[in-house]
Amino acid sequence: MQMPNTPPMPSGVSFDPTKLADIQLPNTIGVWPPALGWWLLLLLIIVVIAILTYFIKRKPPIKKARIKHLKSQAMIELESIKKHYQNTDGNEAVNKKRQDTVKSLSIFLRRYALSLYNRDEVASLTDQQWLHLLDDTYNYSSKKQPLDTLFSEKYADLLTQVPYQPNTQDIDPHLLGELLDSSEILIQKSIKLFNQTPSLEQVKNNV
């Protein structure tokens, strides 16, 4: 049967559907390389991540101002302790003045540590634990090996024994002067901790 509007087939020629050519489908679209729009989207994501990272890591100006203020206050208070010790009245007992200086310095260091770390972690530390914390703070981010143990060894008696002894106790003025100087260095080295509030374990491991 011939389809309408179909030209007649030449005589002697029969239709064989098995000899029809295969349908040519268009080529499959590949995943790579991506289209321009995908490249632009990737670039936008990278830029957004970079901007967020910058603002997360950047120290806000208010924070920097606060750190500068805290450092200034700590140095002013320490300088006041130094001046009070140096301006000793000739009529005042020398040992008493030295012991008062050690007491004031011990209280100051405790308050300074409480401002750096979690109060619950620091308040309960006593004796060697307290002195080791001062050493860890003094050595924070230091590349020097071995690390200094000034507070737990050299100044141990001054900070843990002298404040509770009678005023007649002899105190080495040179050792006291070194303790005052080391306390100032401790502040200089550890001031950036104000912007981190690390745990005592992190400071101990110098990270």
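The analysis underlying the following values was restricted to heavy atoms, covering all of them including side chains, and did not include hydrogens, waters or symmetry mates.
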Not counting sequence neighbours, which residues clear side chain to side chain contact (heavy atoms under 4.5 Å, CB included) with Gln73? List them please.
->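 Listed in chain order: His69, Ile76.
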
For Leu44, enumerate each residue passing the side chain to side chain contact (heavy atoms under 4.5 Å, CB included) test, keeping only those at least two apart in sequence or located in another chain.
-> Val48

Please round to the nearest 0.5 Å and tell me the distance separating atom [atom1] of [X] and atom [atom2] of [Y].
{"X": "Thr126", "Y": "Leu131", "atom1": "OG1", "atom2": "CG", "answer": "9.5 Å"}
{"X": "Leu159", "Y": "Leu179", "atom1": "CG", "atom2": "CG", "answer": "5.0 Å"}
{"X": "Asp100", "Y": "His84", "atom1": "CG", "atom2": "NE2", "answer": "6.0 Å"}
{"X": "Leu116", "Y": "Ile187", "atom1": "CG", "atom2": "CD1", "answer": "9.5 Å"}
{"X": "Lys103", "Y": "Leu158", "atom1": "NZ", "atom2": "CG", "answer": "13.5 Å"}

Non-hydrogen side-chain atoms of [X] and [Y] separated by less than 4.5 Å:
{"X": "Ser183", "Y": "Leu109", "result": "yes"}
{"X": "Asp136", "Y": "Leu147", "result": "no"}
{"X": "Leu134", "Y": "Trp130", "result": "yes"}
{"X": "Leu186", "Y": "Phe151", "result": "yes"}
{"X": "Gln129", "Y": "Leu133", "result": "no"}
{"X": "Tyr85", "Y": "Leu105", "result": "no"}

What residues, two or more places apart in sequence or in another chain, satisfy salt bridge (Lys or Arg N to Asp or Glu O under 4.0 Å) together with [X]?
{"X": "Asp148", "value": "Lys144"}
{"X": "Asp127", "value": "none"}
{"X": "Lys154", "value": "Glu178"}

Which pair of non-hydrogen atoms, one from [X] and one from [Y], has the smallest distance, and what is that distance?
{"X": "Ala156", "Y": "Thr160", "value": "O-OG1, 2.6 Å"}
{"X": "Lys71", "Y": "Gln188", "value": "NZ-OE1, 3.0 Å"}
{"X": "Ile81", "Y": "Ser104", "value": "CD1-O, 3.8 Å"}

Short question: side chain of Gln99, backbone of Val162 - any donor-acceptor pair under 3.5 Å?
->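 Present.
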
Spell out, as yes or no, whether a donor-acceptor pair under 3.5 Å connects the side chain of Arg98 to the backbone of Ile171.
->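 Side chain of Arg98 to backbone of Ile171, a donor-acceptor pair under 3.5 Å: yes, one is there.
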
Ile51-Tyr54 co-clustered via ILVMFWY side chain contacts under 4.5 Å = yes

Same cluster or not: are Ile185 and Met75 linked, directly or through other Ile, Leu, Val, Met, Phe, Trp or Tyr residues, by side-chain heavy atoms under 4.5 angstrom apart?
->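 Yes, because Ile185 and Met75 connect within a single hydrophobic cluster, where side-chain heavy atoms sit under 4.5 Å apart.
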
Residue pair Tyr112 / Ser190, side-chain donor-acceptor N/O under 3.5 Å | yes

Assess whether side chain to side chain contact (heavy atoms under 4.5 Å, CB included) is satisfied between Tyr155 and Val102, documenting all intermediate values.
-> CA-CA 10 Å; Tyr155 309 136; Val102 173; over 6 Å; no

Walk me through it: do Gln128 and Ser152 pass the test side chain to side chain contact (heavy atoms under 4.5 Å, CB included)?
-> CA-CA 6 Å; Gln128 283 299 309; Ser152 61; 3.8 Å; yes

Report the residues that fulfil side chain to side chain donor-acceptor pair (under 3.5 Å) with Glu184, sequence neighbours left out, ordered by chain and then residue number.
-> Lys82

